[in-house]
Amino acid sequence: MLPCITACLRLLLNHRRRWPLIVLLISLFFFLSVSGYLEEFLSGILSVFYFTSSRTSSPQVQNIAFPPLLLSPVSACSSPPFLLILVASAPSHRDRRDAIRQTWGSLTSATASASLTLFILAVPKSPEERAALVHEAVTHRDIIQANFTDSYRNLTLKTVTGLTWALQKCKGAQYVLKTDDDVFVNTVYMTQFLRGETGLQYMGQLHWHVTPYRDPENRHYILQELYSGNYLPPYCSGTGYILSYEAANLIMEQLRSGPWPEVEDVYIGILAQAAGIAPRHVAKIAGSLAVPHSTCCYRTMFTSHGMTPKGMQEAWNMLKEAGDHWCPSGVLFYCKLFGQLVEDGGDGVH
Ligand SMILES: *[C@@H]1O[C@H](CO)[C@@H](O)[C@H](O)[C@H]1NC(C)=O
Ligand SMILES: *[C@@H]1O[C@H](CO)[C@@H](O)[C@H](O)[C@H]1NC(C)=O
């Protein structure tokens with residue numbers, strides 16, 4: 001390998017008209033890495049380092065005492081969707097939930113996307129908020145609620161609640177997407193893509209080689225006792241990751257009694273590694289990125305983060321009015337290059 005690289009480089013540098021070639025290669029590299037195709041390719045190699053034999057055969061989930069469910073919209077899954085979307089939301093985010101209900105979350109099992117969108121919440125502190133949430137749940141029948149305090153620090157519990165619910169109450173769903181209430185999802189395009197996939201899948205915007213935050217003041221702080229490694233295993237951003245039903249099952253089998261790391265996406269990465277399921281980078285899942293507010297970006301990407309309710313409505317209208325609107329083939333590069341990095345997590349679920 002190395003001799004080839006040096007030989008190739010020498011050949012390249014000795015070439016009389018080398019500059020155009022070098023510029024071309026650098027541009028190609030830039031294009032591939034910004035678009036995310038390079039990372040997609042590299043993440044394919046990850047599975048070499050994951051050993052499925054480490055799976056334990058005895059599921060532990062049953063022995064764990066989860067907070068009991070207060071609201072459980074089981075009838076929503078009476079005809080299971082192809083894609084179940086679980087949105088982690090906070091009690092005060094009624095406007096965001098309504099925006100999702102009116103836009104991409106309005107699609108049901110009966111539509112072409114065959115998706116179903118449900119919200120995961122816990123218990124608000126004030127009695128007024130509690131009553132309002134019950135009222136909202138009765139009206140929309142799309143809220144999963146478990147009996148624990150709704151807070152950012154309890155986010156892992158929220159995800160665990162949602163995934164457990166999916167596995168127990170929504171058997172027959174092929175995929176589960178975990179996302180946040182400030183994320184726009186191109187549901188139709190995402191399910192189209194998923195229909196071409198098979199096997200165990202854990203997909204999203206990949207984070208690798210991340211050092212855990214050890215400062216308790218940091219929102220993404222991970223206690224040394226809960227994860228002692230210098231680097232976190234590769235994991236997919238919590239703004240949107242997709243699990244195939246079987247992958248979700250195997251990952252949840254790795255769950256042990258708490259306390260758990262409070263950063264939910266990191267914890268799913270840790271469990272996935274224990275289950276021997278390698279995460280896979282999908283360039284069209286935006287992660288922390290807010291894509292430029294344009295029809296072609298909403299058409300090209302599966303998700304966009306940091307959306308306001310108004311922005312979500314606009315994006316939805318843009319998609320609806322787009323019809324067969326033509327988008328240039330390099331548009332993913334444009335959307336990623338000119339997208340804005342929006343800080344993760346905080347607003348999503350506070
Ligand atoms: C929910 O938890 C609270 C306090 O932890 C408890 O008082 C209440 O009985 C629980 N409710 C249900 C329905 O489990
Ligand atoms: C998480 O929920 C539990 C159960 O309701 C509660 O006792 C605890 O205080 C919550 N943690 C935080 C940090 O809010």
Side-chain angles (χ1 to χ4, degrees), residues 60-77 86-94 96-97 118-170 178-182 210 212-228 232 235 237-239 241 248 251-252 254-271 343-350:
Q60 305 273 321
V61 182
Q62 291 89 327
N63 306 333
I64 300 173
F66 294 111
L69 290 171
L70 301 175
L71 298 167
S72 170
V74 275
S75 59
C77 269
L86 298 173
V87 183
S89 188
S92 60
H93 293 172
R94 174 73 195 251
R96 299 190 190 186
R97 288 192 290 282
L118 301 175
F119 299 94
I120 331 165
L121 288 110
V123 179
K125 290 191 183 72
S126 81
E128 292 78 26
E129 270 190 313
R130 266 179 248 169
L133 200 58
V134 170
H135 187 255
E136 184 184 333
V138 169
T139 312
H140 295 286
R141 298 181 185 284
D142 59 2
I143 292 179
I144 301 167
Q145 187 195 35
N147 198 8
F148 60 91
T149 310
D150 202 296
S151 70
Y152 187 74
R153 287 280 185 208
N154 268 340
L155 192 50
T156 300
L157 196 47
K158 206 175 262 186
T159 295
V160 166
T161 300
L163 290 179
T164 313
W165 189 92
L167 292 171
Q168 289 175 352
K169 312 271 201 268
C170 206
K178 175 324 158 146
T179 188
D180 293 337
D181 59 12
D182 59 347
V210 176
Y213 290 102
R214 299 301 189 192
D215 171 12
E217 295 293 302
N218 192 292
R219 202 169 47 202
H220 296 171
Y221 157 73
I222 293 172
L223 202 66
Q224 185 89 32
E225 291 90 273
L226 299 183
Y227 189 81
S228 56
L232 298 170
Y235 65 95
S237 162
T239 52
Y241 54 84
I251 285 173
M252 294 310 278
Q254 295 298 324
L255 199 70
R256 300 292 176 267
S257 332
W260 303 317
E262 288 160 355
V263 194
E264 64 93 17
D265 49 5
V266 166
Y267 190 46
I268 295 296
I270 294 172
L271 294 177
E343 209 214 331
D344 230 324
D347 299 334
V349 210
H350 231 327

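Quick note: residue numbers are just sequence positions, from 1. Remember, it's 1-based here, ligands and their atoms both numbered in the order they're listed.
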Visitor: Going by the order shown, which atoms of ligand 2 are within less than 4.0 Å of some heavy atom of Ser151?
Guide: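 Answer for ligand 2: 12 (C), 13 (C), 14 (O).
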Visitor: Among residues at least two apart in sequence or on other chains, which ones pass side chain to side chain donor-acceptor pair (under 3.5 Å) with Glu136?
Guide: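 Side chain to side chain donor-acceptor pair (under 3.5 Å) list for Glu136, sorted by chain: Arg97, Arg101.
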Visitor: Using every non-hydrogen atom in the two residues, find where Lys125 and Asp150 come nearest and quote the distance to one decimal.
Guide: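 Minimum heavy-atom contact is NZ-O, 3.8 Å.
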Visitor: Is the CZ atom of Arg153 crowded by more than 12 outside heavy atoms at less than 6.0 Å?
Guide: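 It does: Arg153 CZ has more than 12 such atoms within range.
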Visitor: With a 4.5 Å heavy-atom cut-off, do Thr161 and Phe148 have their side chains touching?
Guide: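 In contact.
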Visitor: Determine whether a donor-acceptor pair (N or O, by modelled atom type, separation under 3.5 Å) exists between the side chain of Arg256 and the backbone of Gln254.
Guide: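 Here the side-chain-to-backbone pair exists.
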Visitor: Look at the rings of Trp260 and Phe66 and say which category their plane angle falls in: under 30° parallel, 30 to 60° tilted, over 60° perpendicular.
Guide: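 Rings of Trp260 and Phe66: tilted, 30 to 60°.
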Visitor: Sort out the contact shell of ligand 1: every protein residue with a heavy-atom distance below 4.0 Å, listed by chain and number.
Guide: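 Those residues closer than 4.0 Å to ligand 1 by some heavy atom are Pro68, Leu70, Asn147.
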